[in-house]
Amino acid sequence: MIEFPRRVPVTGDRGVIPFITQRKGEEAAPEDLYLLRERGGPRLHLFYGDEDPRDRPLRGMLWARCSFNRDDAGMPVGEPLWKFMHPYRQMGTMLAGRCQICTRPARTPIGYIFLAGPKDEDPSQASILTNQPPVCARHVRTTAKLCDHMEGNPMVFLASSAPLYGALGSIYGYGPDGQVQVVSSPDTPVRFSDPRATQLLASQLWRRLSSFRVLDVDELLAELAAASAATHHQGER
């Protein structure tokens with residue numbers, strides 16, 4: 001599993017660079033992919049020719065390989081590619097419930113904080129799917145400023161339940177010439193229980209927010225301050 005650095009991200013021209021942001025020079029590894037039909041069944045299974053346990057970090061799903069540019073402390077280095085998330089760092093922070101900016105544990109006394117653009121989601125839905133790892137209380141405003149689509153006014157989902165849902169990626173099969181190739185690229189995440197999951201090369205881990213409240217940033221920060229004050233008061237008793 002991915003190792004998280006102990007210090008906060010370095011800064012760039014736009015300020016803090018999120019841990020999950022892919023850097024220039026971090027490239028997808030050359031594909032060495034094969035398909036094998038399961039014994040006595042119809043399903044095909046995708047695998048690397050030189051696979052090791054790190055390639056299947058959760059629930060047996062094959063994860064896309066990507067190189068790492070890191071300093072001696074384990075921090076990503078290089079020019080940020082702002083529109084891209086490193087597939088393994090995105091997966092690691094989402095899986096471990098770490099802040100996508102600084103990698104500290106993201107759980108707060110009032111729940112996990114997930115952010116979306118003001119027009120990205122319909123808050124009236126009973127559940128929300130997201131590929132954005134949570135953020136810690138310290139980096140709510142930072143994330144709002146860094147992400148253009150949040151327009152400085154993100155929709156805040158304060159979640160008490162956010163189970164893993166599935167992954168987005170490319171589904172492989174056999175082409176007309178019998179070669180292993182991409183046969184579809186779904187627009188929505190493939191659930192772990194989906195029959196196609198065995199042929200998926202995953203690049204983004206998704207969670208389903210199933211129990212949440214919708215707030216704005218000021219409301220969230222006020223609730224966090226109140227929770228912190230209450231904890232401090234109890235500690236003085």
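Quick note: numbers below take in every heavy atom, side chains included, and nothing from hydrogens, waters or symmetry partners.
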Student: Compare all side-chain heavy atoms of Arg89 with those of Thr103 and state whether any distance is below 4.5 angstrom.
Tutor: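 Arg89 does not reach Thr103 side chain to side chain.
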Student: Examine Leu44 and Leu201 and state if one hydrophobic cluster contains both, with Ile, Leu, Val, Met, Phe, Trp and Tyr joined whenever side-chain heavy atoms are less than 4.5 Å apart.
Tutor: yes
Student: Could you check whether Arg207 makes a cation-pi contact with Tyr165, meaning its NZ or CZ is under 6.0 Å from the centre of the six-membered ring and within 45° of the ring axis?
Tutor: no
Student: With the side chain counted from C-beta on, respond yes when Pro76 and Arg23 share a heavy-atom pair under 4.5 Å apart, and no when they do not.
Tutor: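 Yes, at least one pair of side-chain atoms sits under 4.5 Å.
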Student: Under 3.5 Å, side chain of Gln100 to main-chain N/O of Pro133, donor-acceptor pair present?
Tutor: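 At least one qualifying donor-acceptor pair exists.
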Student: For Val156 and Leu115, work out which heavy atoms get closest and say how close.
Tutor: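 Here Val156 and Leu115 meet closest at CG2-CD2, 3.7 Å.
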Student: Would the number of heavy atoms belonging to other residues, nucleotides or ligands and lying under 6.0 Å from CG of Asp72 be above 12?
Tutor: no
Student: How long is the straight-line distance from CG of Asp120 back to OG1 of Thr130, given to the nearest 0.5 Å?
Tutor: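 Answer for the OG1-CG pair, Thr130 versus Asp120, is 9.0 Å.
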Student: Taking all non-hydrogen atoms of both residues, which atom of Tyr112 and which atom of Gly97 are closest, and how far apart?
Tutor: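 The answer is CE2-O, 3.8 Å.
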Student: Do you reckon Val135 sits in the same ILVMFWY cluster as Phe4, going by side-chain contacts under 4.5 Å, direct or chained?
Tutor: no
Student: Say whether, by atom type as modelled, one donor and one acceptor occur between the side chain of Gln125 and the main chain of Asp122 under 3.5 angstrom.
Tutor: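 Not a single qualifying donor-acceptor pair exists.
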Student: Between Leu200 and Ser170, is any pair of side-chain heavy atoms under 4.5 Å apart?
Tutor: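 Side-chain contact under 4.5 Å: no.
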Student: Which heavy atom of Thr93 sits nearest a heavy atom of Cys99, and at what distance?
Tutor: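 Nearest heavy atoms, Thr93 then Cys99: CG2-O, 4.1 Å.
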Student: So, do Leu164 and Leu95 sit near enough that their side-chain heavy atoms are less than 4.5 Å apart?
Tutor: yes
Student: Just verifying a value: how many Å separate Gln90 CD and Ile20 CD1, rounded to the nearest 0.5 Å?
Tutor: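 These two atoms lie 6.5 Å from each other.
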Student: Quick one: are Thr143 and Pro154 in side-chain contact, heavy atoms under 4.5 Å?
Tutor: no
Student: We want to know whether Ser127 and Ser210 form a side-chain donor-acceptor pair, criterion being a heavy-atom distance below 3.5 angstrom.
Tutor: no
Student: For the hydrophobic clusters of this structure (ILVMFWY residues joined by side-chain heavy atoms under 4.5 Å, transitively), does one cluster hold both Ile171 and Met61?
Tutor: yes
Student: Determine, using ring centers only, whether His86 and Phe68 are less than 6.0 Å apart.
Tutor: yes
Student: Testing the 3.5 Å rule here: is there a donor-acceptor pair between the side chains of Asn69 and Glu26?
Tutor: no
Student: Mind checking side chain to side chain donor-acceptor pair (under 3.5 Å) for Arg56 and listing every partner two or more places apart, or none if nothing turns up?
Tutor: Glu51
Student: Looking only at atom types and distance, does a side-chain atom of Arg37 sit under 3.5 Å from a main-chain N or O of His45, one as donor and one as acceptor?
Tutor: no
Student: Does the pair Tyr174 and Gln179 meet the rule for a side chain to side chain contact (heavy atoms under 4.5 Å, CB included), with working shown?
Tutor: CA-CA 5 Å; Tyr174 289 114; Gln179 296 296 310; over 6 Å; no
Student: Can the positive tip of Arg59 be found less than 6.0 Å from the middle of the six-membered ring of Phe192, inside 45° of the ring normal?
Tutor: yes
Student: Are Cys66 and Tyr88 side-chain neighbours, meaning at least one heavy-atom pair lies under 4.5 Å?
Tutor: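 Side chain of Cys66 against side chain of Tyr88, heavy atoms only: no contact under 4.5 Å found.
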Student: Is Met94 reachable from Leu62 through a run of I, L, V, M, F, W or Y residues, each pair having side-chain heavy atoms under 4.5 Å apart?
Tutor: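 Each belongs to a different hydrophobic cluster.
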Student: I'd like to check His139 versus Cys102 (side-chain heavy atoms, cut-off strictly below 4.5 Å). Are they in contact?
Tutor: yes
Student: What's the separation between atom CE in Met150 and atom NZ in Lys145, rounded to the nearest 0.5 Å?
Tutor: 14.0 Å
Student: With hydrophobic residues grouped by side-chain heavy-atom distances under 4.5 Å, do Leu168 and Val182 end up in a single group?
Tutor: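 Each belongs to a different hydrophobic cluster.
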Student: Closest approach of Arg138 and Arg104, non-hydrogen atoms and distance?
Tutor: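 Closest heavy-atom pair between Arg138 and Arg104: NH1-NH1, 2.9 Å.
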Student: I'd like to know if the side chain of Ser67 and the backbone of Glu27 have a donor-acceptor N/O pair within less than 3.5 Å.
Tutor: yes
Student: Report the C-alpha separation of Phe47 and Leu33 in whole Å, then their side-chain angles, then the decisive distance to 0.1 Å, and conclude whether the side chain to side chain contact (heavy atoms under 4.5 Å, CB included) test is met.
Tutor: CA-CA 6 Å; Phe47 66 97; Leu33 295 169; over 6 Å; no
Student: Would you please name every residue forming a ring-ring contact (aromatic ring centres under 6.0 Å, His included) with Phe212, sequence neighbours left out?
Tutor: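 Phe212: ring-ring contact (aromatic ring centres under 6.0 Å, His included) contacts with Phe157.
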Student: For a side chain to side chain contact (heavy atoms under 4.5 Å, CB included) check, start with the C-alpha distance between Leu205 and Leu58, then their side-chain angles and the critical distance, and finish with the verdict.
Tutor: CA-CA 10 Å; Leu205 180 60; Leu58 72 159; 3.9 Å; yes
Student: Quick one: CD1 on Ile110 to OG on Ser160, what's the gap to the nearest 0.5 Å?
Tutor: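 One finds 11.0 Å between CD1 of Ile110 and OG of Ser160.
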Student: Looking only at heavy atoms, which two atoms of Ala106 and Arg98 are closest? And how far apart?
Tutor: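 Ala106 and Arg98 have their closest heavy atoms at CB-C, 3.9 Å.
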Student: Working note: Thr108 + Leu224, criterion side chain to side chain contact (heavy atoms under 4.5 Å, CB included); need CA distance, chi angles, decisive distance, verdict.
Tutor: CA-CA 8 Å; Thr108 74; Leu224 286 168; 3.8 Å; yes
Student: Report the residue from Glu31, Gln199, Gln181 that forms a side-chain hydrogen bond (donor to acceptor under 3.5 Å, both in side chains) with Tyr172.
Tutor: Glu31
Student: Nearest 0.5 Å please: distance from the OG1 atom of Thr198 over to the CD atom of Glu38.
Tutor: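 So the gap between those two atoms works out to 7.0 Å.
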Student: Here's one to test your reading of the geometry: is the NZ or CZ of Arg65 within 45 degrees of the ring axis of Tyr48 and under 6.0 Å from its centre?
Tutor: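 Satisfied, under 6.0 Å and within 45°.
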Student: Please give me the minimum heavy-atom distance between Ala227 and Pro109, naming the atom from each residue.
Tutor: CB-CB, 4.3 Å
Student: Check ring-ring contact (aromatic ring centres under 6.0 Å, His included) between Phe84 and all other residues, then give those that pass, not counting sequence neighbours.
Tutor: none
Student: Quick one: CG on Leu146 to CD1 on Ile101, what's the gap to the nearest 0.5 Å?
Tutor: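 That separation rounds to 5.5 Å.
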